[in-house]
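Remarks on the structure that follows.
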Protein chains: 2
Amino acid sequence: MGRDRATLADVARRAGLSKTAASMVLNGREGTRLSAEAHQRVFAAAEELGYRPNIAARSLRTRKTATIAFVSDIVATTRFAGGLIRGALDAARERDHVLLITETQGDAAFEQYAIEAILDRQVDGVIYAAMATRRLVVPPAILGGPVVLLNATSSTQLPCVLPDDRGAGATVAEALLAQGHRDRIALIGRNRQKERDPEISLAAEARLDGIRDTLAAAGVTLLTEVFCPEWRPEHGYAATRTLLSRPERPSAIICMNDRLAFGAYQALGESGLTIPDDLSVISFDDDPIASWLRPGLTTAALPHEQMGRRAVELLLDGEGQGPALVPMPLRRRRSITAPAG
Amino acid sequence: MGRDRATLADVARRAGLSKTAASMVLNGREGTRLSAEAHQRVFAAAEELGYRPNIAARSLRTRKTATIAFVSDIVATTRFAGGLIRGALDAARERDHVLLITETQGDAAFEQYAIEAILDRQVDGVIYAAMATRRLVVPPAILGGPVVLLNATSSTQLPCVLPDDRGAGATVAEALLAQGHRDRIALIGRNRQKERDPEISLAAEARLDGIRDTLAAAGVTLLTEVFCPEWRPEHGYAATRTLLSRPERPSAIICMNDRLAFGAYQALGESGLTIPDDLSVISFDDDPIASWLRPGLTTAALPHEQMGRRAVELLLDGEGQGPALVPMPLRRRRSITAPAG
DNA sequence: ATGCTCTGCTAAATCAGTTTAGCGACGAGG
DNA sequence: CCTCGTCGCTAAACTGATTTAGCAGAGCAT
C-alpha cells in the first residue's frame with residue numbers, strides 16, 4: 001500500500017529549497033516571507049511528483065489525524081443506521097476527514113476495545129451514536145477530546161443531535177386534523193417502559209406529547225390508545241385486531257412507528273377494510289417499507305442523514321451551527337384521507 | 001483526545017532501561033538477550049503507567065497501521081450492508097484491527113477522494129465492496145497493497161468473497177420439489193439486463209442456473225417465467241397479477257428476491273388467495289421484511305455477516321482460509337407447503 | 001596476557017512531517 | 001563606518017515509536 005510515495009524532502013529537493021520552505025508553502029502559512037517564485041517552484045514540484053503528505057508523520061507532530069471516530073452501540077449495522085453514517089460520511093468528506101467506525105454491541109469489553117483503538121489512533125473527535133434515540137452513559141476516557149452524541153443525550157453537558165420527535169407528533173396530529181379527523185383518532189403503540197425510561201427511548205414520550213398537545217389545542221382527545229409490548233409488526237397486527245373488535249371504529253390510526261403500521265396494514269387487509277377509504281393510517285420513521293406498502297404509508301421521517309451531517313458539523317465546526325434538534329419531515333403518501341361518513 | 005499519555009520513553013525510564021529494551025520486551029521479540037528481571041520491570045512499568053503505544057508513531061516506522069479500509073460503492077448505507085460491515089468489524093476486532101469506512105456512491109470524484117484518504121493513511125489493506133453482487137473495475141492506485149473484493153469480482157486476479165447464488169437457486173428448487181411441487185412452479189423476476197450484464201448483477205444468472213439445473217435433474221421445467229424491469233415490490237405485484245390472469249394457476253412462485261415476494265404477497269392478498277394453502281411462495285435474500293410478512297417468507301438468506309468476516313480473514317490471514325463462495329442458508333418459515341389438489 | 005565468544009544492554013539512526021530559532025545579505029539611518 | 005531592521009531562507013529539534021549497530025564486561029581457552 002502506497003510505497004514509493006514522494007516525501008516532502010523529495011519536493012523540497014526538486015524545488016531547490018529546504019523542507020521547511022516546502023512545508024510552509026504547502027500549508028499556506030501566513031507571515032512567511034518566501035518569494036512568489038519559491039511558492040511557484042514548490043507547487044510545481046509537488047504537482048510533478050504527485051506529492052501527498054503522510055498523515056501519520058504529520059499527526060505525530062500536530063496531533064491532528066483528520067479522522068473522526070464513529071462509535072455506536074449497534075447502530076452501524078441496522079437498517080436505520082445507514083443514513084446516520086452516510087450523512088456523517090458526506091459531511092466528513094466535505095471537511096477532508098475520514099470516519100473510523102466501531103461498534104460496541106452494548107458489550108463492555110467491546111466498548112473498551114473501541115475506546116482504546118480510538119485513543120491509540122489519536123482521532124480528532126468522537127461521534128457517539130445510539131440506535132434508538134435514548135439517554136446513555138459516555139465512557140469518561142473519551143472525554144479528553146471533542147465528543148458529539150448522535151441520536152442520544154447524556155447527563156453530562158455534551159452537544160448532541162436528536163430528531164424532533166415532539167414536532168413530529170405535532171405534524172402527524174395536524175395532518176389528521178387537516179383532513180377533518182376529530183374524535184375518532186386511535187393510537188397504537190403506547191408502551192409504559194419506553195415512555196418512562198429515557199435509557200430506552202426518548203422518542204416515545206416526545207411523540208406522544210406532540211400528538212396530545214396538538215389535538216388538545218384543537219379541542220380533540222384520542223378515541224383510544226392501545227398498548228404494545230414492543231414496536232414490531234406482530235404487535236401492530238395484534239393491537240389493530242384489538243382495536244377493530246371494539247364497538248366504535250376509529251376513522252384514523254396513528255402508529256408509533258412504521259413497523260407497527262405494517263402490522264396494522266396486515267390486520268386491516270384481513271378484515272377487508274380499505275386504507276385510506278375506510279380508515280386512515282399515519283406513522284413515524286419512514287422505514288423503507290413505508291413506500292412499499294399499498295397504499296404508500298404517510299409517515300414522519302427520521303432525518304438520519306441530516307442528523308449524521310449535523311453531528312460532524314457540530315464536532316468540527318463548533319456549536320454555532322444551529323439547532324441540534326433535527327426536524328422530521330412528513331412523507332405524504334396515500335394512507336390518509338378525509339374520514340368516511 | 002488522549003493527551004498526557006505515557007510514552008515508551010516514560011516506560012523505559014521507570015523501568016530503568018533504554019527505549020530499545022522497553023520496545024523489545026513489549027513487542028515480545030525473540031532472540032533478545034534481556035534478562036527475565038528486565039522483562040518484569042518493563043511490564044510492570046507499562047502496566048503502572050497505563051502505557052499504550054502511539055499507532056501513528058509506530059506506523060511511521062513499520063508501515064503497519066492495524067487499519068483496514070472498507071470502500072464501498074454505496075453498500076455501507078444500505079439496509080443490506082449492515083451485516084457486511086458488522087461481520088468485517090467483528091473479524092477485524094478479533095485481529096486487533098480497525099475499519100476505516102468510505103463510500104464512493106459510484107461517483108468518480110468521491111472514489112478519488114476515498115483512495116487518496118486511504119493511501120494517505122497507509123492502511124494495511126482494502127476491502128472493496130459492492131452493494132449488488134457484480135463485477136467491477138478496481139482503481140489501480142489501491143493495487144499497491146492487499147485487496148479483497150466483497151460481494152464482487154473483477155477481471156483482475158484478486159481474491160473475492162461472493163454469496164453462493166447458484167447453490168441458493170438449487171436450495172430453493174429443492175425445497176419446492178421436496179414439498180411435492182412439480183410442473184406448476186412459476187418464477188417471477190427474470191430480467192435480461194441483470195442476467196446478461198455482470199456489471200449489474202452476478203446473482204440473477206447464478207440463481208436462475210441453480211433453479212433450472214435442479215429442476216431439470218428432477219425432470220421438471222418451469223411452468224412460466226415473468227419478466228420484471230426491476231426487482232422492487234411494485235414489479236413483483238404487477239408480475240403476480242399477470243401470472244394470476246393466466247389460465248393455469250401455479251402451485252408455487254419463486255421470486256428472485258424478497259422485495260418481489262413482498263409485491264407478490266400484496267397481489268395474492270388482493271386476489272383472496274391464501275399463502276401457502278393456495279400457493280407457495282419462496283424467495284432469496286432474507287430481507288428483514290421476510291420475517292414480518294404473514295405468513296413468514298421462506299427465503300435463501302444472503303450471508304452478509306459471514307461474507308464480511310471472510311473478507312477480513314482473506315485480507316489478513318491469507319488465502320488459505322477456505323472457499324470464498326459463502327453458502328446461502330434457507331430460512332424456513334411458513335410460506336411453502338405441499339401443493340393443493 | 002591475549003584473544004574470543006557470549007551475555008545483557010544501549011546509542012543513534014530512521015520514518016516523514018512541523019516548528020523553532022536564527023543566519024547571511026542588503027539597504028537605510030545616524 | 002557602524003548599527004539596525006527586514007528579507008528570504010535554512011538547520012536542527014521534535015513528535016514516538018522501531019531497528020541497526022555496537023559496547024562493556026564476564027568467562028574461557030590459549
Side-chain angles (χ1 to χ4, degrees), chain A residues 1-42 45-46 49-67 119-124, chain B residues 1-42 45-46 49-67 96 116 119-124:
Chain A
M1 208 90 273
R3 309 146 304 192
D4 324 328
R5 285 170 51 119
T7 70
L8 185 64
D10 297 331
V11 173
R13 199 172 312 121
R14 178 174 255 257
L17 289 162
S18 68
K19 282 199 305 171
T20 309
S23 173
M24 290 180 151
V25 168
L26 291 174
N27 288 311
R29 286 275 289 246
E30 306 281 316
T32 172
R33 293 177 300 232
L34 291 161
S35 66
E37 206 234 326
H39 276 76
Q40 291 300 335
R41 292 217 307 275
V42 170
L49 295 173
Y51 171 72
R52 304 218 94 226
N54 177 325
I55 295 200
R58 167 181 294 170
S59 70
L60 193 52
R61 189 86 237 257
T62 61
R63 287 153 192 277
K64 295 245 156 283
T65 48
T67 302
L119 259 28
D120 292 351
R121 286 171 182 77
Q122 314 245 130
V123 299
D124 294 346
Chain B
M1 209 90 271
R3 310 144 303 193
D4 323 328
R5 284 169 54 115
T7 70
L8 183 65
D10 297 331
V11 173
R13 198 172 313 122
R14 177 173 256 258
L17 288 164
S18 67
K19 283 200 304 170
T20 309
S23 172
M24 289 180 152
V25 169
L26 292 174
N27 288 310
R29 286 272 290 246
E30 305 284 316
T32 174
R33 292 175 302 231
L34 292 161
S35 65
E37 205 235 328
H39 277 76
Q40 292 299 338
R41 291 216 310 274
V42 170
L49 296 173
Y51 171 72
R52 301 220 97 226
N54 177 324
I55 295 202
R58 167 182 292 171
S59 71
L60 191 55
R61 189 86 237 260
T62 60
R63 293 161 182 272
K64 294 248 160 282
T65 49
T67 302
D96 252 300
E116 287 176 353
L119 260 28
D120 291 353
R121 286 170 182 78
Q122 314 246 127
V123 299
D124 293 347

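Excluded from the calculations below are hydrogen atoms, water molecules and symmetry mates; all remaining heavy atoms, backbone and side chain alike, are included. Here is the naming used below: chain letters follow the sequence lines, and residue numbers restart at 1 for every chain.
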* To do: Give a yes/no on whether any side-chain N or O of B:N54 is located under 4.0 angstrom from OP1 or OP2 of D:dT15.
  => no
* To do: Check whether any side-chain N or O of A:R52 sits under 4.0 Å from OP1 or OP2 of C:dA16, and answer yes or no.
  => no
* Structure fact -> note: B:K64, atom NZ; D:dT19, atom P; distance rounded to Å ~ 11 Å
* When only distance counts, do a donor and an acceptor, one from the side chain of A:K19 and one from the base of C:dA16, lie under 3.5 Å apart? -> no
* To do: Counting heavy atoms from C-beta on, name the nucleotide in C:dT20, C:dG17, D:dC9 closest to the side chain of A:A38.
  => D:dC9
* To do: Taking the side chain as every heavy atom from C-beta outward, state whether A:L8 and A:S23 have any pair of such atoms under 4.5 Å apart.
  => yes
* Structure fact -> Of B:M24 and A:S18, the one whose closest nucleotide on DNA chain D sits nearer the 5' end is A:S18
* To do: Please state how far atom CG in A:L17 lies from atom P in D:dC9, giving the value in whole angstrom units.
  => 6 Å
* Asked: Separation of B:R29 atom CZ from C:dG8 atom P, in whole Å?
  -> 17 Å
* Over how many whole Å does the gap from B:Q122 atom CD to C:dA16 atom C1' extend? -> 9 Å
* Asked: Any side-chain N or O of B:R5 under 4.0 Å from OP1/OP2 of D:dG16?
  -> no
* In whole angstroms, how far is the C1' atom of D:dC14 from the CG atom of B:L60? -> 12 Å
* Is there a donor-acceptor contact under 3.5 Å from the side chain of A:D120 to the main chain of B:I55? -> no
* Asked: Rounded to whole angstroms, how far apart are CG on B:L26 and C1' on D:dT19?
  -> 15 Å
* To do: Give the nucleotide from the list C:dT10, D:dG22, C:dA16 with an atom nearest to the side chain of B:R33.
  => D:dG22
* **Any donor-acceptor pair under 3.5 Å from B:R29 side chain to B:M24 backbone** => no
* So what does A:I55 touch, heavy atoms closer than 4.0 Å: a base, only the sugar-phosphate, or nothing? -> nothing
* From the options D:dA11, D:dT15, D:dC9, select the nucleotide whose nearest atom is closest to the side chain of A:R63. => D:dT15
* **Donor/acceptor link under 3.5 angstrom from A:R61 side chain onto base of D:dT15** => no
* Starting from the 5' end of DNA chain C, give me the residue, B:A57 or B:E37, whose nearest nucleotide shows up first. => B:E37
* Between atom CZ in B:R13 and atom C1' in C:dT10, what is the gap in whole Å? -> 15 Å
* Asked: When we call it a touch if two heavy atoms are under 4.0 Å apart, what does B:T7 touch: a base, just sugar-phosphate, or nothing?
  -> sugar-phosphate
* Under 4.0 angstrom, heavy atoms only, what part of the nucleic acid is B:S23 near: base, sugar-phosphate, or nothing? -> base
* Looking at A:R58, does any N or O in its side chain come under 4.0 Å of the phosphate oxygens OP1/OP2 on C:dA16? -> no
* Asked: Counting only N and O atoms by type, is there a donor-acceptor contact under 3.5 Å from the side chain of A:R5 to the main-chain atoms of A:R52?
  -> yes
* Asked: Do A:R121 and B:T67 meet the criterion of a side-chain donor-acceptor pair at a distance under 3.5 Å?
  -> yes
* Asked: How long is the line joining CG of A:D10 and P of C:dA16, in whole Å?
  -> 9 Å
* Asked: Are A:T20 and D:dT10 close enough that a side-chain N or O sits under 4.0 Å from OP1 or OP2?
  -> no
* Asked: When you match A:L34 and B:T62 each to their closest nucleotide on DNA chain D, which lands nearer the 5' end?
  -> A:L34
* **Phosphate OP1/OP2 of C:dC9 contacted by B:S35 side-chain N/O (<4.0 Å)** => yes
* Asked: B:A56 and B:S59: which non-hydrogen atoms are nearest, and at how many Å?
  -> O-OG, 3.1 Å
